[in-house]
Each structure stands twice: as C-alpha cells, then as structure tokens.
Amino acid sequence: AQALMNSSTERCFTKCVPSPSSSLSSYEQACLSKCLDRYMDAFNVVSRTYMSRIS
Amino acid sequence: AQALMNSSTERCFTKCVPSPSSSLSSYEQACLSKCLDRYMDAFNVVSRTYMSRIS
Amino acid sequence: AQALMNSSTERCFTKCVPSPSSSLSSYEQACLSKCLDRYMDAFNVVSRTYMSRIS
Amino acid sequence: QAQAKLQASIQRFTDLCWDKCMSSKPSTTLSRAEESCLTNCVERFLDSSLHMVKELENKRAQLSS
Amino acid sequence: QAQAKLQASIQRFTDLCWDKCMSSKPSTTLSRAEESCLTNCVERFLDSSLHMVKELENKRAQLSS
Amino acid sequence: QAQAKLQASIQRFTDLCWDKCMSSKPSTTLSRAEESCLTNCVERFLDSSLHMVKELENKRAQLSS
C-alpha cells in the first residue's frame, strides 16, 4: 500500500497543485480527493483486467 | 534480462501503440518488432562504448 | 551519496548537454558546475524544510 | 512474495495507463471512455509484451540452428 | 536504516520539486523565487500527502461501520 | 554481483540515450546519425559524471583545508 500511496500522491500533486503557494486551497483539496478516487478506480480496472488475463 | 524486457516493452509500447484499441493491428506489431531490434542495437552500442571506456 | 550523484548527474546532463557532441565544451562544463551547485542548494532547502516539518 | 510481484505489476500498469488514459482534470466519476481506454491499454500492453518475447525467442532459435 | 529512508525521501522531494521550481538554465546563485518555490513545493506536497491519507482512512471507517 | 551492477548501468545509459537519440518512428536499421548520437551520449554522460565528481571533491578539499 506504501507504493500505491507514493504513486497516487505524486500523480495527483502534479495534476492538482501545479503552482504550490503558501497553503492548499479548498479547490486544490477537492481536486486531490477526486484524483485519489479516480486513481483507485483506475487501479481496480487495471487489476480486474490483468487478473482475468492471467487466470 | 527481465529489466531489459520491461524497459524495451514500455518504450516500444509508448512509441508504437499511442492509442490502444480492441486489438493490436499488424502495423503496430511490425512497429514493435522493429522497435525491439533498434532497442537491442542501442543496447549493444551503449554496451560497447561503455566497456571500451572502463577497460 | 550514490543516489544523490546519480540523480544530479542525470538532471544536469539533460539541462546542460542537450546535444552531446565529440567533446564537452567549456560552456557545457561551466553549466554542469553551476547546475551541481544549484542541485546541492535545492537538496539543502528541501532537507531543511522537511526536517522542520517532521520534528 | 508472488503476491508482492503481482501488486508491483498492477501498480506499474496503473501508472503507465493513467498517463495515457486519464483526463488532465480529475472528473467526478470514471467516464466510460476512461474505463475502456484503461482496459485496452492493459490488454494491448500485455499483447505487446507477448509479441516482443516471441520475437526474441524466434531470434534465439535462428541463432542456435 | 531509518536514516536511509529519510535520505531517500529528501532525494525524492528534491527531484520532484527540482522539475517544478528550477529555471531551465542553471543560475549563478539560488534565486529568491526558486527558494520559496522549493519550500512551498515540499510543504504543499506533505499537506497533499496528509490530505490523501486522511481521505483514505475516512473511506475505510465508512466501509467498516 | 559486479556483473549485475554493470548490467544495470548499461540499462540506465541505454534508456537515457534512447530518449535523446532515437527517431520517433523506429527505422528498419540503426542509422549512422543514431549510432553516433548514442556513442556521443554515453561518452559525454561519463565525462559529465567525472566532471561533477571532481567538482565535489574540490569542494570537500576546500572545506577541510
């Protein structure tokens, strides 16, 4: 789970906080929350597709 | 050889299959074959150059 | 220190030697020296900021 | 340990296909287009990988014959 | 070993923020703008990381209740 | 183990120089331009690496003198 958190945090930070300022805005926070949800969705789709191929 | 296959597959997939569809076209397959050949060429040139420097 | 050298060399080579020719020019060498200094500065700023957050 | 390797592969495919398939601003739900892009991306990556391994084996067979 | 992990994190943040903050041609000294960008980049990355861990914990709590 | 480290270095240089030197569509043979770009890329990378290590040692020598 550590690798998953590292990877999703880096990708979502890049997408949602392009110019870091002195604090996280509520807009940036909402973007991070949605981005995490989408990363988990993507992980699940990829996982399901891969498992059905190798089984 | 595992690292070499992982790395060449990622690079050739990116070059040859920019928009993955429901199957690999024969054009994409031919591109992958050529790309693998060129990756092996590049690996050999790099290897030769590096070995002659450190020997 | 190995990881630090690998990472700074890759980043500074990319910045300072975009088209490698038959030798390193003195301009490229000066660029590499400055780039290494800036990488060390960046490492120190990041280190200081991170340490003050987690302590 | 096989479990860890499996997890690492899924992680690697997720990162590769995330960059190819996901829109620049995260949407409220996963769109149909994003989902089918992710599925095709994993499937075609595995096809590409198999294709390249087969090529390599052909080459080895030719060299040793 | 904790020391090695700490070093690896600082390395990772340096690379991430280097790409975001440093001008394309290396300057003779670190500029004020580059320094404050690096500081904000690390601080906001850690904020983002905490925010996402908290979100994940909320989700787990909802699932198990 | 020295063998594994050597392989890893060659792999790393191949990836770095692949991105710099190879045309976007793979050609039928390695062109002269691609080959000389690859050679120069490895040679100059090693020069750059040596240059930076030397700089670092100079700095350490100054600090301890």
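A, B, ... follow the sequence lines: proteins, then strands. Residue 1 opens every chain.
- A 4.5 Å side-chain heavy-atom check between C:Y50 and E:L46 finds at least one atom pair inside the cut-off.
- A salt bridge (charged side-chain N to carboxylate O under 4.0 Å, His left out) check over residues 51-65 of chain E, counting only residues at least two apart or in different chains, returns the pairs A:D37-E:K59.
- Scanning all heavy atoms of the two residues, the minimum distance from C:L4 to E:Q11 falls at CA-OE1, 3.2 Å.
- Heavy-atom minimum distance, E:S27 versus C:K34: O-CD, 3.8 Å.
- Proximity of a side-chain donor or acceptor of C:K15 to a complementary backbone N or O of E:S23 within less than 3.5 Å is detected.
- Distance SG/C:C35 to CH2/E:W18: 4.0 Å, rounded to 0.5 Å.
- You'll find the side chain of E:D19 reaches within 4.5 Å of the side chain of C:R11, heavy atoms only.
- Within the 4.5 Å cutoff, no side-chain heavy atoms of E:E35 are placed close to those of C:D41.
- For E:S9, the part lying under 4.5 angstrom from a heavy atom of chain C is the side chain only.
- Using a 4.5 Å cut-off between heavy atoms, C:I54 touches chain E through its side chain atoms alone.
- Within a 6.0 Å sphere centred on NZ of E:K25, heavy atoms belonging to other residues, nucleotides or ligands number more than 12.
- In this structure, chain C has heavy atoms under 4.5 Å from both the backbone and the side chain of E:D47.
- Here OG of C:S7 is found 13.0 Å from CZ of E:R12. Values are rounded to the nearest 0.5 Å.
- Closest of all the heavy-atom pairs between E:P26 and C:R38 is CB-CG, 4.4 Å.
- For the pair E:L38 and C:F43, the minimum side-chain heavy-atom distance is 4.5 Å or more.
- In terms of non-hydrogen atom pairs under 4.5 Å with chain C, the most contact-rich of E:C21, E:C41, E:A8, E:S24 is E:S24.
- Here C:R48 contributes atom CZ and E:I10 contributes atom CD1; the two are 11.5 Å apart, rounded to the nearest 0.5 Å.
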